[in-house]
Number of protein chains: 2
Amino acid sequence: MSTKPAVNGAHKAAIRQENEEQILAAAERVFADFGFKGATTARIAETAHVPKANVHYYFSTKEALYRRIMEDVCDHWLEAAMTFDNSADPAVILRGYIEAKMDLSRVRPYGSRLWAHEIIRGAKFSSEYISTTVKNWLDSRVEAIRGWIAEGKMDDVEPYTLMYMIFATTQHYADFGRQIEIFNNDKPLTDAQFTEAKENVVRIILKGVGLA
Amino acid sequence: MSTKPAVNGAHKAAIRQENEEQILAAAERVFADFGFKGATTARIAETAHVPKANVHYYFSTKEALYRRIMEDVCDHWLEAAMTFDNSADPAVILRGYIEAKMDLSRVRPYGSRLWAHEIIRGAKFSSEYISTTVKNWLDSRVEAIRGWIAEGKMDDVEPYTLMYMIFATTQHYADFGRQIEIFNNDKPLTDAQFTEAKENVVRIILKGVGLA
DNA sequence: ATTTATCTTGACCGTTTGGTCAGGTTAAAA
DNA sequence: TTTTAACCTGACCAAACGGTCAAGATAAAT
(Lines give C-alpha, C1' and ligand atoms only; values in the text may rest on other atoms or scores of the structure.)
Protein backbone atom coordinates (compact mmCIF):
# COMPACT_ATOMS: atom_id res chain seq x y z
CA MET A 1 0.00 0.00 0.00
CA SER A 2 0.89 3.64 0.27
CA THR A 3 3.76 5.28 -1.58
CA LYS A 4 2.80 8.27 -3.56
CA PRO A 5 3.75 7.23 -7.08
CA ALA A 6 5.69 10.48 -7.27
CA VAL A 7 8.35 11.30 -9.78
CA ASN A 8 11.36 9.04 -9.64
CA GLY A 9 12.75 8.34 -6.16
CA ALA A 10 11.56 11.62 -4.77
CA HIS A 11 10.22 10.22 -1.54
CA LYS A 12 13.41 8.41 -0.54
CA ALA A 13 15.45 11.47 -1.34
CA ALA A 14 13.16 13.58 0.81
CA ILE A 15 13.49 11.16 3.70
CA ARG A 16 17.27 11.26 3.46
CA GLN A 17 17.37 15.03 3.32
CA GLU A 18 15.02 15.49 6.24
CA ASN A 19 16.88 13.01 8.43
CA GLU A 20 20.27 14.49 7.61
CA GLU A 21 19.02 17.98 8.38
CA GLN A 22 17.49 16.85 11.66
CA ILE A 23 20.69 15.10 12.72
CA LEU A 24 22.88 18.03 11.66
CA ALA A 25 20.75 20.51 13.57
CA ALA A 26 20.79 18.34 16.67
CA ALA A 27 24.52 17.73 16.41
CA GLU A 28 25.24 21.45 16.08
CA ARG A 29 23.40 22.11 19.32
CA VAL A 30 24.94 19.22 21.22
CA PHE A 31 28.49 19.87 20.01
CA ALA A 32 28.07 23.57 20.84
CA ASP A 33 26.87 22.75 24.35
CA PHE A 34 29.37 20.03 25.23
CA GLY A 35 32.32 20.25 22.82
CA PHE A 36 33.57 17.40 20.70
CA LYS A 37 34.47 14.99 23.48
CA GLY A 38 31.64 15.97 25.77
CA ALA A 39 28.97 15.44 23.14
CA THR A 40 27.67 11.87 22.92
CA THR A 41 26.16 10.22 19.88
CA ALA A 42 23.35 9.00 22.10
CA ARG A 43 22.46 12.57 23.03
CA ILE A 44 22.64 13.74 19.44
CA ALA A 45 20.32 10.91 18.43
CA GLU A 46 17.91 11.72 21.23
CA THR A 47 17.88 15.42 20.31
CA ALA A 48 17.26 14.53 16.65
CA HIS A 49 14.50 12.06 17.62
CA VAL A 50 16.12 9.13 15.82
CA PRO A 51 17.68 5.90 17.15
CA LYS A 52 21.41 6.07 17.72
CA ALA A 53 22.15 3.51 15.00
CA ASN A 54 20.42 5.78 12.50
CA VAL A 55 22.91 8.56 13.22
CA HIS A 56 25.68 6.20 12.16
CA TYR A 57 23.74 5.21 9.08
CA TYR A 58 23.84 8.78 7.78
CA PHE A 59 27.22 9.83 9.21
CA SER A 60 29.87 7.16 9.52
CA THR A 61 31.60 8.50 12.63
CA LYS A 62 31.21 11.18 15.26
CA GLU A 63 34.25 12.93 13.83
CA ALA A 64 32.79 12.94 10.29
CA LEU A 65 29.63 14.54 11.65
CA TYR A 66 31.69 17.12 13.53
CA ARG A 67 33.76 18.01 10.47
CA ARG A 68 30.64 18.38 8.35
CA ILE A 69 29.15 20.83 10.84
CA MET A 70 32.40 22.79 11.05
CA GLU A 71 32.24 23.21 7.26
CA ASP A 72 28.73 24.61 7.51
CA VAL A 73 29.79 27.02 10.23
CA CYS A 74 32.74 28.19 8.13
CA ASP A 75 30.47 28.73 5.13
CA HIS A 76 28.23 31.02 7.12
CA TRP A 77 31.21 32.86 8.51
CA LEU A 78 32.56 33.42 5.01
CA GLU A 79 29.22 34.85 3.96
CA ALA A 80 29.44 37.49 6.69
CA ALA A 81 33.08 38.08 5.80
CA MET A 82 32.06 39.01 2.27
CA THR A 83 30.21 42.05 3.55
CA PHE A 84 33.66 43.44 4.36
CA ASP A 85 34.49 44.51 0.81
CA ASN A 86 37.17 47.02 -0.03
CA SER A 87 35.15 49.38 -2.15
CA ALA A 88 33.07 51.87 -0.22
CA ASP A 89 33.61 54.24 2.66
CA PRO A 90 35.51 52.78 5.67
CA ALA A 91 32.77 53.71 8.12
CA VAL A 92 30.13 52.07 5.94
CA ILE A 93 32.20 48.91 5.53
CA LEU A 94 33.03 48.52 9.22
CA ARG A 95 29.46 49.22 10.24
CA GLY A 96 28.17 46.64 7.77
CA TYR A 97 30.63 43.98 8.89
CA ILE A 98 29.99 44.54 12.60
CA GLU A 99 26.24 44.39 12.03
CA ALA A 100 26.54 41.22 9.95
CA LYS A 101 28.59 39.51 12.66
CA MET A 102 26.23 40.65 15.40
CA ASP A 103 23.28 39.26 13.43
CA LEU A 104 25.12 35.98 12.91
CA SER A 105 25.62 35.67 16.68
CA ARG A 106 21.91 36.31 17.17
CA VAL A 107 20.62 33.96 14.50
CA ARG A 108 23.15 31.12 14.70
CA PRO A 109 24.61 31.18 18.22
CA TYR A 110 25.40 27.46 18.16
CA GLY A 111 27.82 27.85 15.29
CA SER A 112 29.73 30.54 17.14
CA ARG A 113 29.88 28.46 20.31
CA LEU A 114 31.08 25.46 18.36
CA TRP A 115 33.86 27.58 16.91
CA ALA A 116 34.78 28.78 20.38
CA HIS A 117 35.05 25.20 21.63
CA GLU A 118 37.20 24.31 18.66
CA ILE A 119 39.65 27.17 19.19
CA ILE A 120 39.90 26.81 22.97
CA ARG A 121 40.71 23.14 22.47
CA GLY A 122 43.59 24.16 20.20
CA ALA A 123 41.95 24.15 16.75
CA LYS A 124 42.83 20.49 16.12
CA PHE A 125 40.36 20.13 13.27
CA SER A 126 40.57 23.57 11.74
CA SER A 127 44.06 25.02 12.14
CA GLU A 128 44.68 24.54 8.42
CA TYR A 129 41.49 26.36 7.49
CA ILE A 130 42.44 29.23 9.81
CA SER A 131 46.02 29.48 8.61
CA THR A 132 44.95 29.58 4.94
CA THR A 133 41.45 30.79 4.12
CA VAL A 134 40.78 32.88 7.22
CA LYS A 135 44.31 34.27 7.50
CA ASN A 136 44.33 35.32 3.85
CA TRP A 137 41.02 37.07 4.28
CA LEU A 138 42.14 38.76 7.50
CA ASP A 139 45.51 39.89 6.09
CA SER A 140 43.83 41.51 3.09
CA ARG A 141 41.43 43.40 5.38
CA VAL A 142 44.36 44.50 7.52
CA GLU A 143 46.00 45.86 4.39
CA ALA A 144 42.82 47.74 3.53
CA ILE A 145 42.77 49.28 7.01
CA ARG A 146 46.45 50.25 6.69
CA GLY A 147 45.51 51.96 3.43
CA TRP A 148 42.73 53.94 5.12
CA ILE A 149 45.15 54.98 7.85
CA ALA A 150 47.74 56.05 5.28
CA GLU A 151 45.10 58.13 3.51
CA GLY A 152 44.27 59.82 6.83
CA LYS A 153 40.73 58.49 6.80
CA MET A 154 40.99 57.04 10.29
CA ASP A 155 43.24 56.95 13.36
CA ASP A 156 46.53 55.08 13.36
CA VAL A 157 45.39 51.97 15.23
CA GLU A 158 46.96 48.52 15.07
CA PRO A 159 44.66 46.78 12.54
CA TYR A 160 44.83 43.27 14.01
CA THR A 161 43.86 44.60 17.42
CA LEU A 162 40.85 46.30 15.87
CA MET A 163 39.78 43.15 14.04
CA TYR A 164 40.19 41.00 17.16
CA MET A 165 38.08 43.51 19.04
CA ILE A 166 35.32 43.15 16.46
CA PHE A 167 35.56 39.34 16.52
CA ALA A 168 35.53 39.23 20.29
CA THR A 169 32.71 41.67 20.90
CA THR A 170 30.32 40.35 18.26
CA GLN A 171 30.89 36.68 19.11
CA HIS A 172 30.54 37.42 22.82
CA TYR A 173 26.78 37.81 22.29
CA ALA A 174 26.64 34.17 21.16
CA ASP A 175 29.41 32.51 23.20
CA PHE A 176 28.56 34.22 26.48
CA GLY A 177 24.86 34.52 25.79
CA ARG A 178 24.05 32.60 28.95
CA GLN A 179 26.06 35.05 31.06
CA ILE A 180 24.40 38.04 29.41
CA GLU A 181 21.04 36.40 30.03
CA ILE A 182 21.81 36.04 33.75
CA PHE A 183 22.91 39.68 33.97
CA ASN A 184 19.66 40.62 32.20
CA ASN A 185 17.65 39.19 35.13
CA ASP A 186 17.58 35.69 33.64
CA LYS A 187 15.82 36.82 30.50
CA PRO A 188 17.27 36.60 26.97
CA LEU A 189 17.90 39.99 25.38
CA THR A 190 14.79 41.27 23.60
CA ASP A 191 15.08 42.29 19.97
CA ALA A 192 15.02 45.91 21.10
CA GLN A 193 17.84 45.33 23.59
CA PHE A 194 19.88 43.50 21.03
CA THR A 195 19.38 46.23 18.45
CA GLU A 196 20.46 48.82 21.01
CA ALA A 197 23.56 46.76 21.82
CA LYS A 198 24.38 46.45 18.12
CA GLU A 199 24.09 50.21 17.59
CA ASN A 200 26.26 50.93 20.62
CA VAL A 201 28.96 48.50 19.53
CA VAL A 202 29.08 50.11 16.10
CA ARG A 203 29.13 53.60 17.56
CA ILE A 204 31.86 52.94 20.13
CA ILE A 205 34.17 51.19 17.68
CA LEU A 206 33.70 53.68 14.83
CA LYS A 207 34.31 56.63 17.12
CA GLY A 208 37.16 54.76 18.80
CA VAL A 209 39.11 54.53 15.56
CA GLY A 210 38.27 58.03 14.41
CA LEU A 211 35.51 57.21 11.94
CA ALA A 212 32.69 59.16 13.53
CA MET B 1 64.96 5.71 57.60
CA SER B 2 65.60 9.42 57.06
CA THR B 3 62.98 11.95 58.14
CA LYS B 4 64.30 15.35 59.01
CA PRO B 5 63.19 15.72 62.62
CA ALA B 6 61.70 19.06 61.65
CA VAL B 7 59.21 21.02 63.69
CA ASN B 8 55.96 19.21 64.28
CA GLY B 9 54.37 17.60 61.24
CA ALA B 10 55.93 20.05 58.85
CA HIS B 11 57.08 17.51 56.32
CA LYS B 12 53.71 15.81 55.91
CA ALA B 13 52.02 19.16 55.54
CA ALA B 14 54.51 20.19 52.91
CA ILE B 15 53.92 16.97 50.97
CA ARG B 16 50.18 17.55 51.07
CA GLN B 17 50.48 21.14 49.94
CA GLU B 18 52.85 20.36 47.09
CA ASN B 19 50.73 17.50 45.78
CA GLU B 20 47.53 19.50 45.96
CA GLU B 21 49.14 22.39 44.13
CA GLN B 22 50.52 20.10 41.46
CA ILE B 23 47.15 18.44 40.91
CA LEU B 24 45.29 21.77 40.88
CA ALA B 25 47.67 23.25 38.33
CA ALA B 26 47.38 20.18 36.11
CA ALA B 27 43.59 20.10 36.43
CA GLU B 28 43.29 23.78 35.51
CA ARG B 29 45.19 23.13 32.28
CA VAL B 30 43.33 19.95 31.39
CA PHE B 31 39.88 21.34 32.22
CA ALA B 32 40.68 24.48 30.23
CA ASP B 33 41.76 22.44 27.22
CA PHE B 34 38.97 19.87 27.19
CA GLY B 35 36.10 21.19 29.30
CA PHE B 36 34.55 19.35 32.22
CA LYS B 37 33.34 16.28 30.35
CA GLY B 38 36.26 16.12 27.96
CA ALA B 39 38.88 16.20 30.69
CA THR B 40 39.79 12.80 32.12
CA THR B 41 41.12 12.09 35.58
CA ALA B 42 43.78 9.91 33.99
CA ARG B 43 45.06 12.85 31.96
CA ILE B 44 45.02 15.16 34.96
CA ALA B 45 47.01 12.59 36.90
CA GLU B 46 49.49 12.17 34.07
CA THR B 47 49.94 15.95 33.73
CA ALA B 48 50.46 16.26 37.48
CA HIS B 49 52.92 13.33 37.49
CA VAL B 50 51.02 11.37 40.09
CA PRO B 51 49.12 8.07 39.89
CA LYS B 52 45.44 8.42 39.14
CA ALA B 53 44.43 6.98 42.52
CA ASN B 54 46.40 9.75 44.18
CA VAL B 55 44.22 12.38 42.53
CA HIS B 56 41.21 10.80 44.19
CA TYR B 57 43.06 10.66 47.48
CA TYR B 58 43.32 14.46 47.55
CA PHE B 59 40.08 15.34 45.75
CA SER B 60 37.15 13.01 46.24
CA THR B 61 35.56 13.43 42.81
CA LYS B 62 36.23 15.06 39.46
CA GLU B 63 33.40 17.48 40.15
CA ALA B 64 34.87 18.49 43.53
CA LEU B 65 38.18 19.21 41.82
CA TYR B 66 36.42 21.24 39.14
CA ARG B 67 34.48 23.29 41.67
CA ARG B 68 37.63 24.00 43.65
CA ILE B 69 39.37 25.33 40.54
CA MET B 70 36.37 27.44 39.59
CA GLU B 71 36.60 29.06 43.04
CA ASP B 72 40.25 29.91 42.47
CA VAL B 73 39.45 31.39 39.06
CA CYS B 74 36.67 33.50 40.56
CA ASP B 75 39.01 34.76 43.28
CA HIS B 76 41.48 35.99 40.70
CA TRP B 77 38.71 37.58 38.70
CA LEU B 78 37.47 39.42 41.80
CA GLU B 79 40.98 40.75 42.37
CA ALA B 80 41.00 42.33 38.91
CA ALA B 81 37.47 43.58 39.49
CA MET B 82 38.63 45.50 42.53
CA THR B 83 40.77 47.75 40.34
CA PHE B 84 37.48 49.16 39.06
CA ASP B 85 36.83 51.43 42.02
CA ASN B 86 34.44 54.31 41.93
CA SER B 87 36.73 57.04 43.17
CA ALA B 88 39.03 58.54 40.58
CA ASP B 89 38.69 59.85 37.07
CA PRO B 90 36.61 57.68 34.68
CA ALA B 91 39.40 57.46 32.11
CA VAL B 92 41.88 56.35 34.77
CA ILE B 93 39.50 53.76 36.17
CA LEU B 94 38.57 52.26 32.82
CA ARG B 95 42.19 52.19 31.66
CA GLY B 96 43.23 50.46 34.89
CA TYR B 97 40.49 47.86 34.66
CA ILE B 98 41.11 47.07 31.00
CA GLU B 99 44.83 46.72 31.64
CA ALA B 100 44.24 44.48 34.66
CA LYS B 101 41.97 42.20 32.63
CA MET B 102 44.40 42.10 29.71
CA ASP B 103 47.21 41.15 32.08
CA LEU B 104 45.05 38.44 33.63
CA SER B 105 44.45 36.95 30.18
CA ARG B 106 48.18 37.00 29.56
CA VAL B 107 49.28 35.54 32.90
CA ARG B 108 46.44 33.09 33.59
CA PRO B 109 44.94 32.12 30.24
CA TYR B 110 43.77 28.75 31.53
CA GLY B 111 41.45 30.33 34.05
CA SER B 112 39.81 32.44 31.37
CA ARG B 113 39.39 29.44 29.07
CA LEU B 114 37.90 27.40 31.88
CA TRP B 115 35.39 30.17 32.48
CA ALA B 116 34.56 30.25 28.79
CA HIS B 117 33.88 26.50 28.79
CA GLU B 118 31.71 26.88 31.84
CA ILE B 119 29.56 29.65 30.34
CA ILE B 120 29.23 28.09 26.89
CA ARG B 121 28.02 24.91 28.54
CA GLY B 122 25.30 26.91 30.27
CA ALA B 123 26.97 27.86 33.59
CA LYS B 124 25.70 24.74 35.36
CA PHE B 125 28.17 25.08 38.22
CA SER B 126 28.36 28.83 38.54
CA SER B 127 25.04 30.44 37.62
CA GLU B 128 24.42 31.28 41.26
CA TYR B 129 27.82 32.95 41.61
CA ILE B 130 27.15 34.99 38.46
CA SER B 131 23.63 36.00 39.44
CA THR B 132 24.77 37.18 42.87
CA THR B 133 28.40 38.21 43.33
CA VAL B 134 29.23 39.08 39.73
CA LYS B 135 25.87 40.68 38.93
CA ASN B 136 26.01 42.87 42.05
CA TRP B 137 29.50 44.01 41.10
CA LEU B 138 28.50 44.65 37.50
CA ASP B 139 25.32 46.53 38.37
CA SER B 140 27.20 48.86 40.71
CA ARG B 141 29.75 49.63 37.95
CA VAL B 142 26.90 50.26 35.52
CA GLU B 143 25.47 52.75 38.01
CA ALA B 144 28.86 54.46 38.24
CA ILE B 145 29.00 54.75 34.46
CA ARG B 146 25.46 56.15 34.37
CA GLY B 147 26.62 58.73 36.88
CA TRP B 148 29.56 59.74 34.71
CA ILE B 149 27.23 60.07 31.74
CA ALA B 150 24.79 62.21 33.74
CA GLU B 151 27.66 64.45 34.76
CA GLY B 152 28.63 64.84 31.11
CA LYS B 153 32.00 63.24 31.65
CA MET B 154 31.54 60.72 28.83
CA ASP B 155 29.25 59.87 25.92
CA ASP B 156 25.77 58.46 26.47
CA VAL B 157 26.53 54.82 25.76
CA GLU B 158 24.61 51.80 27.04
CA PRO B 159 26.76 50.79 30.04
CA TYR B 160 26.20 47.00 29.82
CA THR B 161 27.24 47.02 26.18
CA LEU B 162 30.44 48.80 27.13
CA MET B 163 31.20 46.35 29.92
CA TYR B 164 30.51 43.33 27.69
CA MET B 165 32.85 44.84 25.11
CA ILE B 166 35.59 45.06 27.72
CA PHE B 167 34.94 41.50 28.93
CA ALA B 168 34.90 40.14 25.39
CA THR B 169 37.96 41.92 24.07
CA THR B 170 40.24 41.31 27.04
CA GLN B 171 39.27 37.65 27.44
CA HIS B 172 39.64 37.07 23.71
CA TYR B 173 43.41 37.20 24.14
CA ALA B 174 43.20 34.16 26.42
CA ASP B 175 40.24 32.23 25.01
CA PHE B 176 41.19 32.65 21.36
CA GLY B 177 44.93 32.75 21.96
CA ARG B 178 45.47 29.83 19.64
CA GLN B 179 43.69 31.65 16.80
CA ILE B 180 45.68 34.80 17.38
CA GLU B 181 48.84 32.70 17.39
CA ILE B 182 47.97 31.21 14.00
CA PHE B 183 47.25 34.67 12.55
CA ASN B 184 50.60 35.79 13.98
CA ASN B 185 52.40 33.26 11.74
CA ASP B 186 52.12 30.48 14.29
CA LYS B 187 54.04 32.38 16.93
CA PRO B 188 52.66 33.50 20.29
CA LEU B 189 52.42 37.27 20.67
CA THR B 190 55.66 38.72 21.98
CA ASP B 191 55.56 40.92 25.05
CA ALA B 192 55.98 43.94 22.78
CA GLN B 193 53.08 42.87 20.57
CA PHE B 194 50.89 42.21 23.57
CA THR B 195 51.73 45.59 25.10
CA GLU B 196 50.88 47.27 21.82
CA ALA B 197 47.57 45.41 21.68
CA LYS B 198 46.78 46.43 25.24
CA GLU B 199 47.48 50.09 24.52
CA ASN B 200 45.36 50.01 21.39
CA VAL B 201 42.43 48.37 23.16
CA VAL B 202 42.54 51.04 25.86
CA ARG B 203 42.84 53.83 23.33
CA ILE B 204 40.00 52.65 21.07
CA ILE B 205 37.57 52.07 23.92
CA LEU B 206 38.35 55.30 25.79
CA LYS B 207 38.01 57.37 22.65
CA GLY B 208 34.95 55.35 21.63
CA VAL B 209 33.04 56.43 24.73
CA GLY B 210 34.29 60.01 24.65
CA LEU B 211 36.97 59.76 27.31
CA ALA B 212 39.96 60.79 25.21
C1' DA C 1 4.53 -9.92 -8.66
C1' DT C 2 9.17 -10.07 -7.91
C1' DT C 3 13.50 -8.23 -7.26
C1' DT C 4 16.54 -4.78 -5.70
C1' DA C 5 18.15 -0.90 -3.14
C1' DT C 6 17.62 1.91 0.57
C1' DC C 7 16.16 2.88 5.22
C1' DT C 8 15.51 1.38 10.20
C1' DT C 9 16.76 -0.38 14.72
C1' DG C 10 17.37 -3.46 18.97
C1' DA C 11 20.96 -5.90 20.57
C1' DC C 12 25.52 -6.32 21.02
C1' DC C 13 30.91 -5.45 21.57
C1' DG C 14 35.46 -3.77 22.85
C1' DT C 15 37.28 0.31 25.04
C1' DT C 16 37.45 4.11 28.09
C1' DT C 17 35.69 6.36 31.97
C1' DG C 18 35.22 7.92 37.08
C1' DG C 19 35.75 5.88 41.11
C1' DT C 20 37.07 2.08 44.77
C1' DC C 21 39.91 -0.63 47.70
C1' DA C 22 43.17 -3.60 49.94
C1' DG C 23 47.62 -3.69 51.15
C1' DG C 24 51.82 -1.35 51.43
C1' DT C 25 55.19 2.61 52.70
C1' DT C 26 56.56 6.56 55.31
C1' DA C 27 56.69 9.87 58.94
C1' DA C 28 55.06 11.57 63.34
C1' DA C 29 53.65 10.54 68.07
C1' DA C 30 53.98 7.77 72.35
C1' DT D 1 61.10 0.81 69.87
C1' DT D 2 56.42 0.51 69.11
C1' DT D 3 52.18 2.39 67.69
C1' DT D 4 49.42 5.26 65.07
C1' DA D 5 48.05 8.21 61.47
C1' DA D 6 48.75 9.83 57.04
C1' DC D 7 50.24 8.92 52.39
C1' DC D 8 50.65 5.97 48.18
C1' DT D 9 49.24 2.98 44.28
C1' DG D 10 48.45 -1.34 41.23
C1' DA D 11 44.59 -3.76 40.36
C1' DC D 12 40.01 -3.79 39.86
C1' DC D 13 34.81 -2.59 38.75
C1' DA D 14 30.33 -0.98 36.96
C1' DA D 15 28.73 2.40 33.82
C1' DA D 16 28.98 4.91 29.66
C1' DC D 17 31.06 5.35 25.38
C1' DG D 18 31.54 5.07 19.90
C1' DG D 19 30.68 1.97 16.73
C1' DT D 20 28.86 -2.64 14.43
C1' DC D 21 25.63 -5.82 12.60
C1' DA D 22 22.00 -8.87 11.33
C1' DA D 23 17.45 -8.90 10.40
C1' DG D 24 13.43 -6.57 9.19
C1' DA D 25 10.59 -2.74 6.90
C1' DT D 26 9.71 0.24 3.06
C1' DA D 27 9.87 2.15 -1.47
C1' DA D 28 11.63 2.09 -6.24
C1' DA D 29 12.78 -0.53 -10.37
C1' DT D 30 11.96 -4.60 -13.34
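We name chains A, B, ... by the order of the sequence lines, and we start the count at 1 in each one.
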For the pair A:Y129 and A:W77, name the ring-plane relationship: parallel under 30°, tilted 30 to 60°, perpendicular over 60°.
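Plane angle over 60°, so perpendicular.
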Name the residue closer to the 5' end of DNA chain C, choosing between A:A53 and A:K37 according to the nucleotide with the nearest heavy atom.
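The 5'-side residue here is A:A53.
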Are OP1 or OP2 of [N] and a side-chain N or O of [X] less than 4.0 angstrom apart?
X     : N      : value
B:K52 : C:dT20 : no
A:Y57 : C:dT8  : no
A:N19 : C:dT8  : yes
B:R16 : D:dA6  : no

Rounded to whole Å, how long is the line connecting atom [atom1] of [X] with atom [atom2] of [N]?
X     : N      : atom1 : atom2 : result
A:F59 : D:dT20 : CZ    : P     : 16 Å
B:I15 : D:dA5  : CD1   : P     : 18 Å
A:I23 : D:dG19 : CD1   : P     : 14 Å
A:K62 : D:dC17 : NZ    : P     : 9 Å
A:F36 : D:dC17 : CZ    : C1'   : 12 Å
A:N54 : D:dC21 : CG    : C1'   : 14 Å

Nearest to the side chain of [X], which nucleotide is it out of [options]?
X     : options               : answer
A:T40 : D:dG18, D:dC8, C:dC7  : D:dG18
B:P51 : D:dG10, C:dG19, D:dC7 : D:dG10
A:Y58 : D:dG19, C:dC7, C:dG18 : C:dC7

Would B:F36 and B:F125 count as a close aromatic pair, with their ring centres under 6.0 Å?
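Distance test on ring centres: under 6.0 Å, yes.
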Just checking, is any N or O donor in the side chain of A:E118 or A:Y66 under 3.5 Å from an acceptor N or O on the other one?
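Yes - a donor-acceptor pair under 3.5 Å links their side chains.
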Cut-off 3.5 Å, side chains only: do B:Q193 and A:Y160 have a donor facing an acceptor?
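Judged by distance alone, the side chains do not pair up.
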